[in-house]
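Input: a single structure, listed below in structure tokens.
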Amino acid sequence: MNGAVEAANKNIKKILRKMVDNYKQWHEKLPFALLGYRTTVCTSTGETPYLLVYGTEAVIPAEVEIPSLRIIQEVELSDAEWIRSRYEQLALIDGKIMNTVCHDQLYQNRMTRSFNKKVRSRQFMPGQLVLKRIFPHQDEAKGKFSANWQGPYMVHRVLTGGAIILAEMDREIWPKPIDSDVVKRYYV
């Protein structure tokens with residue numbers, strides 16, 4: 001959920017950057033940026049955030065000044081018709097939410113397929129030589145211009161789930177397995 005909030009904040013900041021020349025005036029334009037964000041269709045859901053929360057599209061200020069067909073229809077309804085209309089809208093919310101969930105699942109599947117096209121499958125075999133990535137928090141990391149890989153090491157054993165057990169070149173076996181994502185093949 002935290003990622004969704006960060007994504008929303010990033011989009012609102014993009015909208016504000018387009019609206020404001022001087023960063024000192026951003027607070028004056030924030031309500032308009034929020035309205036723009038809430039009434040714009042999201043790619044991932046296929047719906048506006050406003051519709052997902054309230055079950056109906058927002059009435060934008062232009063529709064109030066120059067009444068749209070929707071506003072005219074709302075005004076001319078009797079109380080009983082208005083209540084029936086609202087009840088039907090509420091009944092449609094479940095359908096819209098289901099459509100959004102399905103749309104979101106299809107979107108996630110498309111994103112997964114797109115990501116997986118770029119993923120290279122790496123298979124390691126016992127006896128192969130590999131290099132291990134050096135992470136910035138390790139003692140071996142000496143600064144910006146130091147090496148990013150250390151080794152070579154030998155693959156001692158391949159475990160299920162992508163973990164491997166390494167051995168030093170003198171055949172001393174490491175006690176803990178490591179993820180195969182942090183090693184790469186070493187060719188002599």
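- The stretch residues 97-116 participates, sequence neighbours left out, in no salt bridge (charged side-chain N to carboxylate O under 4.0 Å, His left out) pair at all.
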Kindly indicate, with the supporting measurements, whether the criterion side chain to side chain contact (heavy atoms under 4.5 Å, CB included) is fulfilled by Lys29 and Leu16. CA-CA 7 Å; Lys29 303 288 184 178; Leu16 278 172; 4.0 Å; yes
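- No continuous path of ILVMFWY side-chain contacts below 4.5 Å connects Leu51 to Leu35, so the two sit in separate hydrophobic clusters.
- If you take CD on Gln108 and CE on Met111, they are separated by 7.5 Å, rounding to the nearest 0.5 Å.
- Between Pro126 and His156 the shortest heavy-atom distance is CB-O, 3.7 Å.
- Shown here is Arg157, whose CZ atom has no more than 12 heavy atoms of other residues, nucleotides or ligands within 6.0 Å.
- Ile12 CD1 to Leu30 CG: the interatomic distance, rounded to the nearest 0.5 Å, is 7.0 Å.
- Remark: Glu28 CD to Trp26 CH2 distance equals 11.0 Å, nearest 0.5 Å.
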Check against side chain to side chain contact (heavy atoms under 4.5 Å, CB included), Arg185 and Phe124: CA-CA 8 Å; Arg185 287 282 307 271; Phe124 293 101; 4.0 Å; yes
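- Leu159 and Val130 fall into different hydrophobic clusters, defined by Ile, Leu, Val, Met, Phe, Trp and Tyr side-chain heavy atoms under 4.5 Å apart, directly or through other members.
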Which side-chain N or O atoms in residues 165-181 pair as donor and acceptor under 3.5 Å with protein atoms at least two apart or in another chain?
unit_1: Glu168; atom_1: OE2; unit_2: Trp174; atom_2: NE1; d: 3.0
unit_1: Asp170; atom_1: OD1; unit_2: Glu172; atom_2: N; d: 3.2
unit_1: Asp179; atom_1: OD1; unit_2: Asp181; atom_2: N; d: 3.4
unit_1: Ser180; atom_1: OG; unit_2: Gly162; atom_2: O; d: 2.8

Determine, stepwise, if the pair Trp149 / Lys132 fulfils side chain to side chain contact (heavy atoms under 4.5 Å, CB included). CA-CA 5 Å; Trp149 299 90; Lys132 183 185 144 323; 5.6 Å; no
Does the side chain to side chain contact (heavy atoms under 4.5 Å, CB included) test come out yes or no for Ile134 and Asn148, once each step is laid out? CA-CA 5 Å; Ile134 299 173; Asn148 294 328; 5.7 Å; no
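- Considering OH of Tyr107 and CG of Asn109, their distance stands at 12.0 Å, rounded to 0.5 Å.
- Note that the OG1 atom of Thr48 and the OH atom of Tyr37 stand 10.5 Å from one another [nearest 0.5 Å].
- Tyr50 is linked by a ring-ring contact (aromatic ring centres under 6.0 Å, His included) to Tyr54, counting only residues two or more places apart in sequence or in another chain.
- Put simply, OG1 on Thr40 and CD1 on Ile15 are 6.0 Å apart, with the number rounded to the nearest 0.5 Å.
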